[in-house]
2 protein chains.
Amino acid sequence: MSEPEDDPLAGSTGYALRRAAMAMLGDLAERLTAIDCRISEASVLLLIAERKDVTATRIAHALEIKRTNMVPLLNRLESRGLVKKVPIDGKSQAVVLTPKGRRRGARALTITQQFEEDLIARIPREHRKHLLPALRALWL
Amino acid sequence: MSEPEDDPLAGSTGYALRRAAMAMLGDLAERLTAIDCRISEASVLLLIAERKDVTATRIAHALEIKRTNMVPLLNRLESRGLVKKVPIDGKSQAVVLTPKGRRRGARALTITQQFEEDLIARIPREHRKHLLPALRALWL
DNA sequence: TATTGTTATACTCTATAACTATA
DNA sequence: TATAGTTATAGAGTATAACAATA
C-alpha cells in the first residue's frame, strides 16, 4: 500500500505501534467472521471458558472494558445463546458459557492460536523474542 | 490496574500489541490536548509541514485514512485557521499550513518528539532496538 | 456506603455507497 | 474512463453521567 519512505512518520515507534496494531486487529477480525464473532466477543468467550462464577464486572476489569459497555456485548452473546446469566446473589450474576458457547469458544481458541502463530512467524527471527516483553513494558 | 496473572490473554502477542497501542494512543491523545489537537489532526499537521502541494487524497493515502474521512478532519483544521486549501487545477487542491498552522505544527512536533522519547525510555534496554523492526514487519 | 447492573447518550474512528465535477 | 472531492450513512469501540437495587 504505502511505501515507508513516502511516510515521514514511519520512523516513529508510536506510529508503527498503531499501524501494526491496526493491521493485526483487521486480520483477526476477518478470521473471526468465520465464527460470527467480534474480537471483543471472542475475548469474552475465551476469558470465561477458563473461569468460574465470573461476573460482568470482573470480565470488564480483566479486559479493560468499561462496565457500561459490557451490557450490549453480553446481550449480543446471550441473544445468540452463547452465554447465560446465573444469579450468584440478589445483586451479582455469573456469566457462563452455554454448551453452544463452549463449542464456539473452542473454535475461537483454535482461530486465535493459529492467528498468534502466524503473527509471530511474520516477525524476523532475531527480533521475535523481544516483542512481547517490549509491548508489556509499554502497556503495564 | 489489571494484574497480568489475572488475565489468560496476557501471554498473547496480539493481545499485548492491542493493549500497548491503546495505552500509547491514550497517552499521546492526552498530551495533544495541550494544543487542542486530536492524534489524526496532529498527524496531518506534521505530514504536510514537510511537503508541498499535498492533496487530500495524498494525505489520506500516506496516513492510511479513507479519502472520505479526510473531509471532516480537514474541515476542522480549516475552521480553526490551521490549514487552507489552494487550488492546483480545477479538480485538485493543495492542503497547506497557514502561519498559525505552522506554529501549531511546530508545537505538535515538540510534543510528539518528547512522547517518542518517553515511549522508548519505557522499553527495557535489551529489547529497545528490536521493537521498531518487529512492528514494521507486522504492519508492512 | 460501596458495589452491581443498567439506561441513555455522545464522541471518535472506521467503512461503504453514491454523487458531482474535472483530468 | 479514471481521478478528486464530497455527501450521507452506518458500524464498532470508547467514554461520562445518572439511576435502581442490593451487599
Side-chain angles (χ1 to χ4, degrees), chain A residues 1-2 15 17-19 21-30 32-33 36-44 48 53-79 83-96, chain B residues 1-2 14-15 17-19 21-30 32-33 36-44 48 53-79 83-96 139:
Chain A
M1 268 294 178
S2 69
Y15 187 69
L17 181 53
R18 176 182 171 278
R19 279 292 193 89
M22 294 294 293
M24 177 276 295
L25 290 169
D27 180 359
L28 179 56
E30 196 198 324
L32 288 172
T33 61
D36 193 33
C37 276
R38 302 176 189 176
I39 293 173
S40 57
E41 293 168 346
S43 301
V44 170
I48 67 180
D53 288 353
V54 197
T55 62
T57 295
R58 275 186 66 82
I59 299 172
H61 182 249
L63 297 178
E64 211 155 271
I65 294 172
K66 296 287 172 199
R67 273 198 315 278
T68 201
N69 294 326
M70 291 299 299
V71 179
L73 204 176
L74 292 179
N75 284 345
R76 282 193 305 273
L77 291 175
E78 193 170 23
S79 70
V83 307
K84 63 183 174 188
K85 291 168 184 166
V86 178
I88 295 177
D89 55 34
K91 188 167 73 170
S92 301
Q93 45 193 342
V95 182
V96 299
Chain B
M1 269 295 176
S2 70
Y15 187 69
L17 180 53
R18 176 181 171 276
R19 279 294 192 86
M22 295 295 291
M24 177 277 294
L25 289 170
D27 180 0
L28 179 57
E30 196 198 323
L32 287 172
T33 60
D36 193 33
C37 275
R38 302 176 188 176
I39 293 174
S40 57
E41 293 168 346
S43 301
V44 170
I48 66 180
D53 287 353
V54 196
T55 62
T57 295
R58 275 185 65 82
I59 298 171
H61 183 250
L63 297 178
E64 209 155 273
I65 295 172
K66 296 287 174 199
R67 273 200 314 278
T68 200
N69 294 326
M70 291 299 300
V71 178
L73 204 176
L74 292 179
N75 283 345
R76 283 193 303 273
L77 291 175
E78 193 170 23
S79 70
V83 307
K84 63 184 175 188
K85 292 169 183 168
V86 178
I88 294 176
D89 56 34
K91 188 167 72 170
S92 302
Q93 45 194 341
V95 182
V96 299
W139 142 29

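Model, not experiment: these values are computed from the prediction. Chain identifiers are assigned alphabetically (A, B, ...) following the order of the sequence lines, protein sequences preceding nucleic acid strands; residue numbering begins at 1 within each chain. When reading the values below, keep in mind they use all heavy atoms of this one structure, side chains included, and skip hydrogens, waters and symmetry mates.
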With the criterion being N/O to N/O and under 3.5 Å, what pairs connect the protein with nucleotides 19-23 of chain C, and how long is each?
residue: C/dT22; atom: O3'; partner: B/K91; partner atom: N; Å: 3.4
residue: C/dA23; atom: OP1; partner: B/G90; partner atom: N; Å: 2.8
residue: C/dA23; atom: O4'; partner: B/K91; partner atom: NZ; Å: 3.4

I need the A/D53 CG to A/I88 CD1 distance, nearest 0.5 Å.
5.0 Å

Please list, pair by pair, any protein nitrogen or oxygen found under 3.5 Å from a nitrogen or oxygen in nucleotides 10-12 of chain D.
residue: D/dA12; atom: OP2; partner: A/R38; partner atom: NH2; Å: 2.8

Partners of A/K85 by salt bridge (Lys or Arg N to Asp or Glu O under 4.0 Å), sequence neighbours excluded?
A/E78

Rounded to whole angstrom units, what separation is found between the CG atom of A/L73 and the P atom of C/dT6?
12 Å

In this structure, how many angstroms lie between the C1' atom of C/dT14 and the CD atom of A/E30, rounded?
16 Å

What is the distance, rounded to the nearest whole Å, between atom NZ of A/K66 and atom C1' of D/dG13?
13 Å

Who passes salt bridge (Lys or Arg N to Asp or Glu O under 4.0 Å) against B/R67, sequence neighbours left out?
none

B/Q93: side-chain hydrogen bond (donor to acceptor under 3.5 Å, both in side chains) partners, not counting sequence neighbours:
none

Keeping the roles fixed (side chain from B/N75, backbone from B/V71), state whether a donor-acceptor pair exists under 3.5 Å.
yes

Using a cut-off of 4.0 Å on non-hydrogen atoms, how would the nucleic acid contact of B/T55 be classed: base, sugar-phosphate, or nothing?
sugar-phosphate

Rounded distance (Å) that lies between atom P of C/dG5 and atom CG of A/N75:
13 Å

Give the nucleotide from the list D/dT14, C/dC13, C/dA15 with an atom nearest to the side chain of B/R76.
C/dC13

What is the distance, to the nearest angstrom, from the CZ atom on B/R58 to the P atom on D/dA4?
10 Å

I want to check something: taking the side chain as every heavy atom from C-beta on, are A/L28 and A/L32 in contact at a cut-off of under 4.5 Å?
yes

Phosphate contact (D/dT3 OP1 or OP2) by B/T57 side-chain N/O below 4.0 Å
no

Provide, to the nearest angstrom, the distance between the NE2 atom belonging to A/H61 and the C1' atom belonging to C/dT3.
14 Å

B/R18 vs D/dT14: side-chain N/O to OP1/OP2 distance below 4.0 Å:
yes

C/dT6, OP1 or OP2 - any side-chain N/O from A/Q93 closer than 4.0 Å?
yes

Could you tell me how far apart B/M70 (CE) and D/dT7 (P) are, to the nearest whole angstrom?
14 Å

A/V71 or A/M22: which one's nearest nucleotide on DNA chain C is closer to the 5' end?
A/V71

Of all residues at least two apart in sequence or in a different chain, which pass the side-chain hydrogen bond (donor to acceptor under 3.5 Å, both in side chains) check with B/R38?
none

Decide yes or no for A/Y15 and B/I39: does some side-chain heavy atom of the first lie under 4.5 Å from some side-chain heavy atom of the second?
no

Residue pair A/L74 / A/A56: nearest heavy atoms and the distance that separates them:
CD1-CB, 3.7 Å

When A/I65 and B/A56 are each assigned the nearest nucleotide of DNA chain D, the 5'-most assignment goes to B/A56

Round to a whole Å and report the spacing from CG of A/N69 to P of C/dC13.
17 Å

Can a side chain N or O of B/R67 be found less than 4.0 Å away from OP1 or OP2 on D/dT7?
no

Donor-acceptor pair, A/T33 side chain versus A/E30 backbone, under 3.5 Å?
yes

Taking N and O atoms by type only, does the side chain of B/T68 place a donor or acceptor under 3.5 Å from a partner on the base of D/dA8?
yes

